[in-house]
Amino acid sequence: MARFNKKLRLRSRWQSGIFTALFLILVGTLGYLAQEFRIQWDISQNNRNSLSQASIDLLQTLNGPLHVTVYATQQDLQLGDIRGIISNFISVYQRIKPDLALNFIDPVEQPQQAQSAGVRLNGEIVISYKQRKERLTSINEQAFSNALVRLARTEKKQLLILSGHGERKMDGITQRDLGNFGKKLQETGFESTLFSLTDPPEIPDTGVLVIASPQIELLEGEVKKILDYLARGGNLLWLVDIGSLNGLLPLAEKLGIVFTPGVIVDPQANRLRVPTTFALATRYGAHAVTENFDYITVFPFARQLILEESTEWHRTILAEAAPEGWVETGSTDSSEGEITFDEENDVSGPISVAVALSRVVEDREQRIIVAGSGHFLANGYLGNGGNLDLGMNMINWLAGDEAFIPIQPRATLDSQLALSELQLTLIVTGFLIILPLVFLIGGISINWYRKRR
């Protein structure tokens, strides 16, 4: 018996030794793998502790070190540990770009450095990249990544905004104007300049000409200047509303585009509780502007664009709207009764509402985009669906910067929990009555079982 017990103890020691050795090997292996490979999961609401794919792609386009200098005290009366907040935020970028250096300077202890840097606020950030600098006074992914976009651009991109004919203003504040869109363009490194066809002899080829829904007739000489600009290979964004082309028919003919009369009606819009004259686009062509673009865009009061046969231009339909709708050639006044499809006069969907054209002029690619609604970029409608993203993609492509993807703020998910009276009753009953009873019965049962043993 003693011999059997001795063998049993020996076997137990061997098993214990083997288990300890295997456990140490496992811990060592896991430690090595943790050093060599880093895997993280973001389980926060809306993945707010990780970067969007657009920001990651942007960081990968920056060749060379990035320096971030933060002028902040150790503590802030309102924000508290402001350095810790900024450090945690920047660390997310550093995981993608290891050569991103972060440096803190206390503006109180080192006032001369803060003054020479032009710092005015506690927590101000200066980002440096290849002898270019950007400043930030707020910290979020949208602001930081937009600053990186501006740094990544080798030069300021010029937008020539045609004026003098009642066009939508790129800095306007009315519902019709494009002020919000213009502000976004400015944040990402574009510079908008008003341009009148009556001043210079010709339109300069230094940027992108924007014709945003003129309201009065252009003079014959003005139209000739636009056609000459087109012949020289100038890039163009043309926003066209329903109604008259106001003298720009020769431009449409040169581009090989026919604008059919009438407004697009989309019955699907009613499901989103918007007027049927808001055409919803869900189909996009194969193009750099719409690559990986899967948002719904809204084109209010849009008109149809038809591409004629042409060997001069390479054309792509960027967006098709109203697959169940039509082009209404009659009245769209709902007070006159329900709007219905007329097989004889109306054109059934899907309907093209935005097109892209390109060709080679003097060894340079010329790029044109025409949209059948200026409203889709207007202040009153820019926030609908993916309108802002599509508009930014259009401008980036026209400027030759399609690699720069606009960084949009992520929507904050609803953090409120709304419960019905029944749900509240069930929760209260479960946690205050049923669960304590289960523990009580379990305790009594265990106690009774032990006494019987």
Side-chain angles (χ1 to χ4, degrees), residues 42 44-62 65-73 76 78-97 99-105 107 114 117-130 132-154 156-157 170-171 178-192 379 382-383 386-389 391-393 395-396 399 401 403-413:
D42 187 355
S44 61
Q45 183 190 46
N46 204 19
N47 294 329
R48 297 188 69 82
N49 291 324
S50 59
L51 294 178
S52 65
Q53 187 59 46
S55 291
I56 294 173
D57 294 342
L58 174 60
L59 285 172
Q60 291 172 347
T61 65
L62 299 173
L66 192 67
H67 299 277
V68 178
T69 304
V70 182
Y71 294 85
T73 56
D76 184 83
Q78 294 181 340
L79 298 175
D81 185 11
I82 187 171
R83 290 192 174 192
I85 294 172
I86 295 176
S87 180
N88 290 335
F89 174 82
I90 297 297
S91 67
V92 181
Y93 284 83
Q94 288 176 319
R95 288 199 290 266
I96 307 299
K97 187 172 177 60
D99 57 350
L100 191 161
L102 176 63
N103 181 39
F104 287 98
I105 295 177
V119 173
R120 297 181 179 180
L121 299 173
N122 188 29
E124 192 165 339
I125 301 170
V126 178
I127 311 171
S128 304
Y129 175 71
K130 291 185 177 179
R132 296 192 295 275
K133 293 184 178 181
E134 284 290 334
R135 295 176 177 272
L136 287 178
T137 56
S138 60
I139 191 75
N140 56 65
E141 182 180 356
Q142 180 190 15
F144 194 86
S145 295
N146 281 337
L148 296 184
V149 170
R150 293 192 294 272
L151 288 170
R153 295 188 191 278
T154 56
K156 275 278 188 181
K157 297 296 182 177
M170 195 63 77
D171 59 351
L178 310 176
N180 293 338
F181 185 56
K183 182 179 179 181
K184 180 64 179 179
L185 290 171
Q186 186 178 12
E187 289 175 356
T188 52
F190 287 94
E191 190 174 82
S192 300
N379 294 338
L382 186 65
N387 286 21
L388 174 60
D389 297 83
M392 291 298 298
N393 286 353
I395 294 293
N396 277 320
D401 282 344
F404 296 118
I405 303 171
I407 311 300
Q408 298 302 323
R410 302 185 200 182
T412 302
L413 299 180

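Predicted model, so just to flag it, every value in this text is computed and none were measured.
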Is the closest side-chain heavy-atom distance between Ile86 and Val68 below 4.5 Å? no
Among Thr69, Leu136, Leu102, find the residue that satisfies the side-chain contact (heavy atoms from CB on, under 4.5 Å) test when tested with Ile125. Leu136
Would you give the length of the straight line joining atom CD of Glu191 to atom NZ of Lys157, rounded to the nearest 0.5 angstrom? 12.5 Å
Side-chain contact test, heavy atoms from C-beta onward, threshold under 4.5 Å: evaluate it for Leu185 versus Met392 and give yes or no. yes
Can you give me the closest heavy-atom contact between Thr73 and Ile82, atom names plus distance? O-CG2, 3.5 Å
Quick one: pull up CG in Leu121 and OH in Tyr71 and give me the separation to the nearest 0.5 Å. 13.5 Å
Listed by chain and number, what are the salt bridge (charged side-chain N to carboxylate O under 4.0 Å, His left out) partners of Asp99, not counting sequence neighbours? Lys97
Could you tell me whether a side-chain N or O of Ser145 sits under 3.5 Å from a main-chain N or O of Glu141, the two making a donor and an acceptor? yes
Ring pair (Phe, Tyr, Trp, His ring centres under 6.0 Å) filter on Phe104, not counting sequence neighbours, yields none
All heavy atoms of Asn379 vs all of Gly179, minimum pair found to be OD1-N, 3.0 Å
Tell me whether the count of non-hydrogen atoms from other residues, nucleotides or ligands lying under 6.0 Å of CD in Glu134 goes above 12. yes
Got a second to check how far Asn103's CG is from Ile90's CD1, nearest 0.5 Å? 12.0 Å
Partners of Lys130 by salt bridge (charged side-chain N to carboxylate O under 4.0 Å, His left out), sequence neighbours excluded? none
When you measure from the side chain of Ser91 to the backbone of Asn88, do you find a donor-acceptor pair of N or O atoms at a distance under 3.5 Å? yes
Measuring from atom CG of Asn180 to atom CG of Asp171, what distance do you get when rounded to the nearest 0.5 angstrom? 11.5 Å
Exactly one candidate in Leu100, Leu66, Leu59 meets side-chain contact (heavy atoms from CB on, under 4.5 Å) with Gln94; the answer is Leu100
Rounded to the nearest 0.5 Å, what separation is found between the CD1 atom of Ile127 and the OH atom of Tyr93? 8.5 Å
Keeping the roles fixed (side chain from Arg135, backbone from Glu124), state whether a donor-acceptor pair exists under 3.5 Å. no
With side chains defined as the heavy atoms from C-beta onward, is the minimum distance between Asn146 and Lys184 less than 4.5 Å? yes
